[in-house]
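The structure appears below as structure tokens.
In listed order, ligands and their atoms are each counted from 1.
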Amino acid sequence: METGRIFDTKEFAVYDGEGIRVTYFLQGCPLRCEWCHNPEGQPVEGGRTVRSVEIIDEIRDYAVMWKGCTGGVTFSGGEPLMQEAFLAEIMDGIGDVSKAIETSAAVRGQVFQNICRRADFVYVDLKLMDEEQHRRYTGISNRLILDNIRWLAETDIPCTVRIPMIPGVNATEENYRQTAEFLAGLPRKLPVELLPYNTLTRAKYDAIHKEYRISFDEEDAVCEDTQIFTRYGIPCGIL
Ligand code: SF4
């Protein structure tokens with residue numbers, strides 16, 4: 001039986017999948033996005049240590065409550081796929097409970113495929129198309145992420161590509177156009193959701209006595225032109 005680390009749980013989440021959901025936030029992330037609103041989830045160490053069986057039992061209890069309505073569980077983070085064995089064991093242990101994952105896709109292809117195949121829905125982030133800019137703002141290259149999204153488009157796993165709208169960083173016509181071109185070239189047209197910039201992030205850093213060190217201007221313009229995507233036949237909305 002695997003053990004893992006979880007830094008938060010959110011009940012009745014509404015943006016993390018269909019119906020009433022419980023979201024588990026798994027510890028650890030390979031990225032260091034400047035705008036990260038879950039900085040406590042970045043280090044591999046931290047959170048509470050739990051056995052997979054505890055989470056499986058907890059989810060089964062929730063499933064009893066959801067009986068008769070749409071509900072399910074979402075695994076988020078940090079980057080939930082960093083705890084592959086732990087997560088796979090939970091997903092296998094909860095049977096037909098609806099399972100969604102929220103992932104940065106910044107993991108090895110084998111890991112990405114192993115977990116995505118177990119999910120009923122995948123939310124995958126695609127923050128920036130320009131590799132150098134991606135490295136600058138998140139700390140790593142986007143190549144692995146693009147490869148994983150390419151693979152996802154070759155499957156029939158339901159999924160949505162999410163783009164956090166960061167002022168002056170990626171919420172630009174140019175980045176949207178490059179993203180739309182990339183997505184339009186895939187075997188399946190994956191829908192896109194644009195996520196408004198989280199203006200509460202700074203307050204969260206204050207609360208945990210951490211400096212919110214950003215090199216972009218929060219007041220910069222944010223492109224909200226969803227037609228840049230729809231022109232390429234890609235469904236797009238702002239969350
Ligand atoms: S991928 Fe998400 S959790 Fe990881 S650093 Fe970026 S915003 Fe934070």
Side-chain angles (χ1 to χ4, degrees), residues 4-10 13 15-17 21 23-48 74-84 86-87 100-109 111-112 115-116 119 121-149 152 159-171 175 179 190 192-216 218 222 239:
R5 289 172 179 277
I6 287 178
F7 68 92
D8 202 3
T9 308
K10 192 166 73 181
Y15 294 120
D16 300 338
R21 308 197 73 84
T23 301
Y24 287 93
F25 296 86
L26 276 68
Q27 187 74 39
C29 185
L31 280 76
R32 291 292 177 269
C33 307
E34 280 192 15
W35 53 84
C36 180
H37 59 282
N38 284 331
E40 71 277 36
Q42 288 179 354
V44 174
E45 296 301 319
R48 64 184 172 108
T74 302
F75 300 101
S76 184
E79 171 46 65
L81 276 59
M82 276 188 86
Q83 300 191 50
E84 181 192 9
F86 172 65
L87 180 54
I101 56 168
E102 290 179 343
T103 176
S104 66
V107 293
R108 280 187 300 119
V111 174
F112 189 75
I115 297 297
C116 287
F121 202 96
V122 176
Y123 292 101
V124 60
D125 272 12
L126 178 48
K127 302 171 205 304
L128 263 166
M129 283 305 292
D130 182 272
E131 190 182 359
E132 272 323 298
Q133 292 284 306
H134 196 280
R135 219 185 271 280
R136 171 179 169 192
Y137 286 107
T138 75
I140 65 164
S141 156
N142 60 5
R143 288 210 182 159
L144 201 51
I145 295 166
L146 297 177
D147 285 349
N148 283 329
I149 293 176
L152 201 51
C159 65
T160 292
V161 174
R162 280 182 163 173
I163 305 175
M165 301 157 85
I166 313 301
V169 176
N170 67 346
N175 181 55
T179 309
L190 308 179
V192 167
E193 274 177 7
L194 302 175
L195 270 56
Y197 178 66
N198 188 344
T199 49
L200 299 175
T201 304
R202 184 179 291 281
K204 183 162 185 183
Y205 277 70
D206 289 347
I208 60 170
H209 306 294
K210 204 172 166 171
E211 190 188 350
Y212 187 44
R213 221 187 286 167
I214 51 174
S215 62
F216 58 90
E218 290 176 288
V222 164
L239 198 68

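- With rounding to the nearest 0.5 angstrom, the OG1 atom of Thr103 is 8.0 Å from the CG atom of Asp125.
- For Leu200, the side chain to side chain contact (heavy atoms under 4.5 Å, CB included) partners are Asn198, not counting sequence neighbours.
- For atom 6 (Fe) of ligand 1, protein N, O or S atoms closer than 2.8 Å were enumerated as Cys33 SG, with waters left out.
- Among residues at least two apart or in separate chains, side-chain hydrogen bond (donor to acceptor under 3.5 Å, both in side chains) pairs with a member in residues 139-149 are Glu131-Ser141, Glu131-Arg143, Asp147-Arg150.
- Taking a cutoff of 4.0 Å between a charged side-chain nitrogen and a carboxylate oxygen, Glu40 and Lys204 qualify as a salt bridge.
- Every side-chain hydrogen bond (donor to acceptor under 3.5 Å, both in side chains) that Glu34 has, sequence neighbours left out, goes to Ser215.
- With ligand atoms numbered from 1 in the order given, ligand 1 contributes 3 (S) to contacts under 4.0 Å with heavy atoms of Gly78.
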| CA sep, side-chain torsions, deciding dist, call: Val222, Tyr197, side chain to side chain contact (heavy atoms under 4.5 Å, CB included) | CA-CA 9 Å; Val222 164; Tyr197 178 66; 5.5 Å; no

